[in-house]
2 protein chains.
Amino acid sequence: MNLKEFAGLLGLSPTTVSRALGGYPEVREETRRRVTEAAKRHGYRPNRRAAALASGRAMAIGHVIPTALNQEVVNPVFADFISGAGEVYSSENYDLTLSIVTDGSEDRVYRQMAQTRSVDGVIVHGPRIGDQRIPLLQELGLPFVVHGRLPGEHAPFNFVDIDNIRAFHKATDLLLDLGHRRIALLNGNLDMDFACRRRDGFASAMSGRGVSVDPDLLFAGDMSETNGHGAARRMLEGPNPPTAFLVSSLTMAIGVRRATHELGLRLGQDVSLVTHDDVLSYLANGPQDAPLFTATRSSVRAAGRRCAEILIEQITRPGLAPIQDIWECELVIGASTGPAPNA
Amino acid sequence: MNLKEFAGLLGLSPTTVSRALGGYPEVREETRRRVTEAAKRHGYRPNRRAAALASGRAMAIGHVIPTALNQEVVNPVFADFISGAGEVYSSENYDLTLSIVTDGSEDRVYRQMAQTRSVDGVIVHGPRIGDQRIPLLQELGLPFVVHGRLPGEHAPFNFVDIDNIRAFHKATDLLLDLGHRRIALLNGNLDMDFACRRRDGFASAMSGRGVSVDPDLLFAGDMSETNGHGAARRMLEGPNPPTAFLVSSLTMAIGVRRATHELGLRLGQDVSLVTHDDVLSYLANGPQDAPLFTATRSSVRAAGRRCAEILIEQITRPGLAPIQDIWECELVIGASTGPAPNA
DNA sequence: TGGACTTGTCAAAGCGGTTTGGAAAGAGAA
DNA sequence: TTCTCTTTCCAAACCGCTTTGACAAGTCCA
């Protein structure tokens, strides 16, 4: 059923029907009621593509997920983020188009999106230091929201991020307060902005107490279980092992736990661990009331929701000043931290 | 730049340009070359929506992800699956539109997709026993491929699935061969087809050796770390603990591992464990050469790729017989299995 | 040389909406 | 009564592409 047929059914012109459905003021209230009701009864819905073509609004948001060519790690955080965003989209009647793109060819995708106006805006995932995508999107004039941000505080674009510096500063303080001095940092790749900030938060907390950072206790790389395990194992078996770990993801923390178990060490007693927890739906940090790991916590699903809201806001009201949300992480105390062994 | 302008630039009619770009045979090879080259140089790309509208093909595939209303667990498998499918889509020039839908309101989404023809086909994720989506899609005449399948072998629809029965039969046999008799099964929710099949494979292997299944050693539920831990812990502390676990996901297996460690048991010695491994990119089963867990293995990313291929095949060649792929799982021996303690 | 076939190109009619620029009808004012 | 506004609706022009049917030019064969 198309508009013309449906309008014929009602004895109205397509124009009037379109306006009634679109909420325009030029139709009588009674007419509108008649139209919307008939639409429901006959199951009429305007064709998305036709509407998009005619109006210029795509009613769609693009998510571009970069994936490394070599060993494609899809950021697991992504599933939760997108499900948060998806809630907003469906309630606002936007579609979500997803592109999986191998690193580097993102340009092409963005350009195409902008050119064919196939989306009204995009979400930028996993921003990297010196990320080319952001200037590109600005140049293209395509509204966007970044999940995360870039170094240098005040670039004028929308983003939602957590206060990584503060979170890791607080986490480090916690460990320092417990008497730990040899603290290892297992971080994400340092070409990611969040990893740099976490490192900075860690470093400033350490130097704030006059404790030096041992470069041997720093790891930066893919935040996989295997890497967490490998790094922890190496450090713990080294000549001067850490008494505590500060870890950037729960997955990695699980690897650390494996390493400590293999070496007969007990978490929270022999070795302490604080991790960041994205509150992924399928990888809970233990039961609600008794967190497994002490953790800095912020829901990535909530971030997804917020990003979506901001983007739609920016799309519907062009010219709005950039919205920059920086969220505080909660610090939850779990079973993985305790006083330093020889404190 | 639109088609008319671009065609004007070349001194050709829009028709010819469209045909040249579309690969139709009615244009001279030289003309086609001239057109494609100019398109590249000027960065001309046909507007997707306009093309879709005119041709009736949406050039888009829909993925509908159900998410439970209560505590929305987004299947973590999904990220990898979709990245596999995404590869195919981008190489075949299809878009991927994603809908996150709360359980139950899927009908509406599918109907809308069919009605507005906003996608050419859909992928069905996480089929449940008696899933209403499949008859609905058949009724709507929308091409679809199911990742997984339904009970009752030969329903005529496309699917890609692993041979769950065989995989878990083999895994059980392995444990039985090692002398285990008290084997626990930690499974997914039994309203999922794959969980039933795995249970059947397990049960038939057990009864094939005359070993009875203890209902106290059966768990079925969300395949989370927490559930794996809880179930294992409960069973291991019970009066008649299992000597081996057969587990439906790596995440859950990690929970089991935690439980065994807490109780001072060593995996592969005091307790054995075989898990299914979806080869998720961010949750590797240890290093390549030394798997952590003994596992039945099948890449969900590969499944995503294959589903996408099949769907596109069905879309471009309507009337094709249903394609039903059933994949054999590999059984990889890791460090988590060993002879039964008192064997 | 002329008719039948190809081949390469084009004009124009959609696809299913939105939106602009009226027009008819009714209300109020002069 | 006539004129000017509103209000409510409509006809028609797009949006940018695909595709059908027609046509000119070229090829082949009789």
Side-chain angles (χ1 to χ4, degrees), chain A residues 1-36 38-39 42-60 93 95 112-120 316, chain B residues 1-36 38-39 42-60 93-95 112-120 315-316:
Chain A
M1 163 117 61
N2 63 18
L3 176 59
K4 205 188 291 181
E5 289 166 23
F6 179 60
L9 213 70
L10 283 164
L12 289 171
S13 79
T15 310
T16 305
V17 172
S18 174
R19 286 191 159 148
L21 258 28
Y24 288 84
E26 297 95 335
V27 293
R28 216 187 335 173
E29 224 15 83
E30 187 208 315
T31 310
R32 186 192 309 286
R33 216 177 6 254
R34 198 156 65 89
V35 171
T36 50
H42 293 86
Y44 169 75
R45 290 181 155 284
N47 179 312
R48 286 303 272 270
R49 283 191 305 284
L53 181 58
S55 68
R57 301 177 236 110
M59 293 307 285
N93 208 24
D95 282 346
Q112 177 164 356
M113 281 179 165
Q115 201 162 65
T116 70
R117 287 282 154 191
S118 58
V119 298
D120 296 317
T316 49
Chain B
M1 162 120 59
N2 63 17
L3 177 58
K4 204 190 292 182
E5 289 166 23
F6 179 61
L9 212 69
L10 282 165
L12 288 171
S13 79
T15 310
T16 306
V17 172
S18 174
R19 288 194 158 144
L21 258 30
Y24 288 84
E26 299 94 334
V27 292
R28 216 185 336 172
E29 227 12 84
E30 187 208 315
T31 309
R32 185 194 309 285
R33 217 178 3 254
R34 199 156 66 89
V35 171
T36 50
H42 293 85
Y44 168 74
R45 288 181 155 285
N47 179 313
R48 286 304 273 265
R49 282 190 306 284
L53 183 57
S55 67
R57 302 177 236 110
M59 293 307 286
N93 208 25
Y94 275 79
D95 283 346
Q112 179 163 354
M113 282 179 166
Q115 200 162 68
T116 70
R117 287 280 153 190
S118 58
V119 298
D120 296 317
I315 288 167
T316 48

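So you know, we letter chains A, B, ... as the sequences are listed, proteins then strands, and number each from 1. Values in this document were obtained by computation on a predicted structure and should not be read as measured data.
- In the set dG16(D), dT18(C), dC9(D), dG16(D) carries the atom at the smallest distance from any side-chain atom of Ala50(B).
- Across all non-hydrogen atoms, the minimal contact from Val27(B) to Arg32(B) is CG2-NH2, 3.3 Å.
- With contacts defined as side-chain heavy-atom distances shorter than 4.5 Å, the pair Tyr44(A)/Leu21(A) qualifies.
- Minimum heavy-atom separation, Arg49(B) to Leu53(A): NE-N, 3.8 Å.
- Of all non-hydrogen atoms in Thr16(B) and Thr31(B), the two that sit nearest each other are CG2-CG2, 4.2 Å.
- In this structure, Arg48(A) places its CZ atom 19 Å from C1' of dG16(D), rounding to the nearest Å.
- Between Arg49(A) atom CZ and dC15(D) atom P there is a gap of 19 Å when expressed in whole angstrom units.
- Spacing between atom CE of Met1(B) and atom C1' of dC15(D) amounts to 17 Å, rounded to whole angstrom units.
- Atom OH in Tyr24(B) sits roughly 17 Å away from atom P in dT9(C) (whole-Å rounding).
- Comparing dT19(D), dT8(D), dG16(D) against the side chain of Glu26(A) picks out dT8(D) as the nearest.
- Counting any heavy atom pair closer than 4.0 Å across all strands shown, Phe6(A) reaches no nucleic acid atom.
- Distance Leu53(B) CG to dT18(D) P: 11 Å, rounded to the nearest Å.
- Computed from coordinates, the Glu5(B) CD to dG16(D) P distance equals 8 Å when rounded to whole Å.
- Atoms CZ (Arg45(B)) and P (dC17(D)) sit 12 Å apart, rounded to a whole Å.
- Summarising the geometry of Val35(A) relative to Phe6(A), their closest heavy-atom pair is O-CZ, 3.8 Å, with the distance given to 0.1 Å.
- Distance from the side chain of Leu3(B) is smallest for dT18(D) among the nucleotides dT18(C), dT18(D), dT19(C).
- Taking only side-chain nitrogens and oxygens, Tyr44(B) comes nearer than 4.0 Å to OP1 or OP2 of dC17(D).
- Taking only side-chain atoms of Ser55(A), from C-beta outward, the nucleotide of dT9(C), dT18(C), dC17(D) with the closest atom is dT18(C).
- In terms of phosphate contacts, Asn47(B) brings no side-chain nitrogen or oxygen within less than 4.0 Å of OP1 or OP2 of dG16(D).
- Here CZ of Arg45(A) is found 4.0 Å from CD of Gln112(B). Values are rounded to the nearest 0.5 Å.
- Proximity of Arg57(B) to the phosphate of dT19(D): a side-chain N or O atom is located under 4.0 Å from OP1 or OP2.
- Shown here for Ala58(B) and Ala52(B), the closest heavy-atom pair between the two residues is CA-CB, 3.9 Å.
- Checked against dG16(C), dT18(D), dG17(C), the side chain of Pro46(A) finds its nearest nucleotide in dG17(C).
- Annotation: side chain of Val119(A) is not in contact with side chain of Arg48(B) (no heavy-atom distance under 4.5 Å).
- The CG-P distance, from Leu12(B) to dA11(C), rounds to 11 Å in whole Å.
- One donor-acceptor pair, N or O on each side, does fall under 3.5 Å between the base of dT19(C) and the side chain of Thr15(A).
- Looking at residues 27-34 of chain B, you'll see that no heavy atom sits under 4.0 Å from any atom of DNA chain D.
- Within the structure, a side-chain polar atom (N or O) of Thr16(B) is placed less than 4.0 Å from OP1 or OP2 of dC10(C).
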